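Start at 1 with the first residue, then count along the sequence. If you're wondering where the values come from, they're calculated on a predicted model, not measured in any experiment. The basis for the numbers below is simple: all heavy atoms, side chains too, and nothing from hydrogens, waters or symmetry mates.
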Amino acid sequence: KSAESAGPMTSQHWPAAPLKNPAGRSGSRDSFVPFRCPSGRMKSHARSVHRRESGRGGRWRDYLPLAALVVVSALAALALTRGSGLEFSAARWMHFFMGFFLVVFALLKFFDLSGFADGFQMYDLLAKRFRPYALVYPFIEFALGLGYLAFWQPRIVAAATVIVLGFGGLGVIRALQKGLELEWAC
C-alpha cells in the first residue's frame with residue numbers, strides 16, 4: 001500500500017534509515033528505524049504527506065500546548081513589566097504579551113515550515129492563491145512580535161497585526177461557514 005491510500009500514518013508507510021554502528025558502517029535490516037520529527041510522527045526525506053491525526057482536537061488535552069504558550073507568554077510579560085522598574089501598566093503588559101506570544105508562535109511554525117504552509121493554505125484567503133505568502137507568514141508574525149518587544153512604532157505594529165491576523169481570521173470564518181474541517185496550521 002502507498003502512504004496516500006493506506007489511511008492513518010504508521011511506521012510501515014515510511015522509509016527506514018539504517019543505524020550506523022560506531023565504525024560508521026550500516027547495520028542489518030533489523031537495525032532500521034524510521035525517521036521521526038519532534039512531534040513523533042513519521043517522516044521521510046522527501047516532502048512528507050501531512051494528514052490530520054485521527055481524533056486530534058477532540059480532547060481538552062490537545063489544547064495544552066496552546067494553553068502553555070499563552071500562560072508562558074503572560075508570565076514572561078508580567079515578569080518583564082514588573083522588572084522594568086516602571087509603574088505597572090496593562091498596556092505595557094499587553095505589549096510584552098503580544099511580543100512573546102507572536103515570537104514563540106512563529107518559532108513553532110519554523111520547525112515545519114512546509115507543513116505549516118500546507119495547513120495554512122487550507123483556510124487563509126491569500127495563502128490559498130499564493131503559496132509564497134504561506135511560507136513567509138511565520139516570518140511576518142516573528143517580525144511583528146519583535147516589533148512589540150522593541151516598542152518599535154507601536155501604532156504601525158498594532159495596525160499591521162490587526163490587518164495580518166484579521167485577514168487570516170476572515171479565512172477561518174469563511175472556511176467554517178462552508179463546513180470545512182480545518183487542520184490548524186499552528
Side-chain angles (χ1 to χ4, degrees), residues 36-41 50 52-53 55-178 180-186:
R36 290 191 183 269
C37 67
S39 68
R41 291 184 297 183
H50 294 275
R52 182 180 179 87
E53 296 169 21
R56 188 171 136 216
R59 300 178 311 265
W60 67 271
R61 289 184 179 179
D62 295 334
Y63 299 97
L64 282 178
L66 180 60
L69 172 60
V70 170
V71 169
V72 167
S73 296
L75 291 175
L78 182 62
L80 195 54
T81 303
R82 299 290 292 162
S84 68
L86 301 172
E87 186 177 328
F88 179 81
S89 160
R92 186 177 302 112
W93 176 85
M94 181 55 85
H95 220 80
F96 285 133
F97 171 78
M98 289 297 295
F100 284 118
F101 183 84
L102 289 171
V103 165
V104 175
F105 215 43
L107 177 68
L108 295 174
K109 293 171 178 133
F110 292 153
F111 288 119
D112 186 8
L113 197 55
S114 178
F116 164 75
D118 291 344
F120 196 53
Q121 283 186 284
M122 291 176 59
Y123 60 86
D124 187 81
L125 300 174
L126 183 55
K128 277 183 182 182
R129 292 167 179 75
F130 189 62
R131 182 169 175 86
Y133 176 69
L135 294 168
V136 169
Y137 183 84
F139 297 94
I140 295 170
E141 198 171 64
F142 185 72
L144 290 171
L146 291 179
Y148 275 107
L149 290 174
F151 280 82
W152 181 82
Q153 300 293 326
R155 290 178 191 236
I156 293 172
V157 171
T161 303
V162 167
I163 291 167
V164 170
L165 298 181
F167 192 72
L170 288 175
V172 170
I173 291 168
R174 194 171 204 200
L176 292 174
Q177 286 175 339
K178 290 181 179 180
L180 298 177
E181 182 177 314
L182 299 178
E183 179 171 342
W184 299 106
C186 48

Note to self: Considering only residues two or more places apart or on different chains, which pairs with a residue in residues 161-171 satisfy salt bridge (charged side-chain N to carboxylate O under 4.0 Å, His left out)?
What the structure shows: none
Notebook entry, point to check: When rounded to the nearest 0.5 angstrom, what distance separates CG in L108 from CG in L69?
Noted result: 6.5 Å
Next item on the list: Heavy atoms only: give me the nearest G99-L149 pair and the separation to one decimal.
Entry: CA-CG, 3.7 Å
Next item on the list: Could you name each residue pair satisfying side-chain hydrogen bond (donor to acceptor under 3.5 Å, both in side chains) that touches residues 137-147, not counting sequence neighbours?
Entry: K109-E141
Could you give the side-chain donor-acceptor pairs of residues 152-169 under 3.5 Å, partners two or more places apart or in another chain?
residue, atom, partner, partner atom, Å
T161, OG1, Y148, OH, 3.4
T161, OG1, V157, O, 2.7

Check: Which salt bridge (charged side-chain N to carboxylate O under 4.0 Å, His left out) pairs, counting each pair once, include a residue from residues 92-102, with sequence neighbours left out?
Finding: none
Checklist line | Value rounded to 0.5 Å, distance of CZ in F105 from CG in L66 | finding: 5.5 Å
Item checked: Contacts of V72 that satisfy side chain to side chain contact (heavy atoms under 4.5 Å, CB included) - sequence neighbours left out -> none
Check: If you look at every heavy atom in A127 and Y133, which pair is closest and at what distance?
Finding: N-CD2, 3.8 Å
Check: Can you say whether the rings of F120 and F116 are parallel (under 30°), tilted (30 to 60°) or perpendicular (over 60°)?
Finding: parallel
Check: Can you list the residues that meet the ring pair (Phe, Tyr, Trp, His ring centres under 6.0 Å) rule with F110, with sequence neighbours excluded?
Finding: F139, F142
Note to self: Restricting to non-hydrogen atoms, name the atom on L102 and the atom on G145 that form the minimum distance, rounded to 0.1 Å.
What the structure shows: CB-CA, 3.7 Å
Checklist line | Salt bridge present between D118 and R131 (N-O < 4.0 angstrom) | finding: yes
Next item on the list: List in chain and number order the residues that pass ring pair (Phe, Tyr, Trp, His ring centres under 6.0 Å) with F100, two or more places apart in sequence or in another chain; answer none if no residue qualifies.
Entry: none
Next item on the list: First locate atom CG of L78, then atom CZ of F96, and finally report the distance between them rounded to the nearest 0.5 Å.
Entry: 11.0 Å
Item checked: Between CD on residue Q121 and CZ on residue R129, distance to nearest 0.5 Å -> 11.5 Å
Notebook entry, point to check: Could you give all pairs that pass the side-chain hydrogen bond (donor to acceptor under 3.5 Å, both in side chains) test and reach residues 74-89, with sequence neighbours left out?
Noted result: none
